[in-house]
Amino acid sequence: MKAVAEAKDSKSVSREELVGLLNEDLSREYQAIISYVVYSQVLKGAEYMNIAGELEKHAAEELSHALIISNQIDYLGGMPAVAPKNVRTSEKAKEMLKFDLENETETIRNYRERVKQCEELGEYAMAEHIREILKDEQDHLIALATALGEDAPAIKGSGTK
Ligand SMILES: [Fe+2]
Ligand SMILES: [Fe+2]
């Protein structure tokens, strides 16, 4: 109870709420799997050849994230979600990469928050799993930003240390 008052700014959650949030994360992972599977195959143009191969690797990594997250949900006594978040499509390579960049940014913001929430609930192993996933997501973000010729976006919200 005392810890809850202290951690006011990174809103504390109950275990039930954590299950709900992890299910949102899982739906985002499904979304990422689908978009990387599709985009990696339809990206055309010599300048996008490297990133297309890269996206194929991302697809496999997103699948492993989905497995880790659903395992955590099951551990918490919840039922893993089955529906992905909406996947946007475009004919334009640049737009596809932009969608991915936006989604990765959103994913990272959420996982940073999730790490804190897991720790507040004393779920340290779960927090570690999510930190591992976060490393991949940061790599994805950088790969996309590089392909777009941009700097990786600064992500507001819960900072990680
Ligand atoms: Fe992921
Ligand atoms: Fe990712």
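If you read the sequence from its start, that first residue is 1, and numbering goes on from there. Counting starts at 1 for both ligands and their atoms, in listed order. Below, all heavy atoms of this structure are taken into account, side chains as well, without hydrogens, waters or symmetry copies.
Counting non-hydrogen atoms of neighbouring residues, nucleotides and ligands closer than 6.0 angstrom, the CG atom of Asn50 reaches no more than 12 such neighbours.
Judged by distance alone, the side chains of Glu137 and His140 do bring a donor and an acceptor atom under 3.5 Å apart.
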After noting the C-alpha distance and the side-chain angles of Glu119 and Lys116, does the key distance pass the salt bridge (charged side-chain N to carboxylate O under 4.0 Å, His left out) rule?
CA-CA 5 Å; Glu119 286 182 343; Lys116 287 187 183 172; over 6 Å; no
Residue pair Arg28, Gln31: steps toward the side-chain hydrogen bond (donor to acceptor under 3.5 Å, both in side chains) verdict
CA-CA 5 Å; Arg28 258 187 296 275; Gln31 173 196 52; over 6 Å; no
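Within Glu29, the N, O or S atom lying nearest to the Fe ion (ligand 1) carries the name OE1. When you scan the N, O or S atoms of His65 for the one nearest the Fe ion (ligand 1), you land on ND1.
Here His140 meets the criterion, with an N, O or S atom under 2.8 Å of the Fe ion (ligand 2). Among the backbone and side-chain atoms of Glu137, an N, O or S atom lies under 2.8 Å from the Fe ion (ligand 2). Because the distance cut-off is set at 2.8 Å, Glu104 qualifies as a neighbour of the Fe ion (ligand 2) through one of its N, O or S atoms. Put simply, Glu62 gets within reach of the Fe ion (ligand 2), with an N, O or S atom under 2.8 Å from it.
The two residues Ala143 and Glu54 have their closest heavy-atom pair at CB-CG, 4.1 Å.
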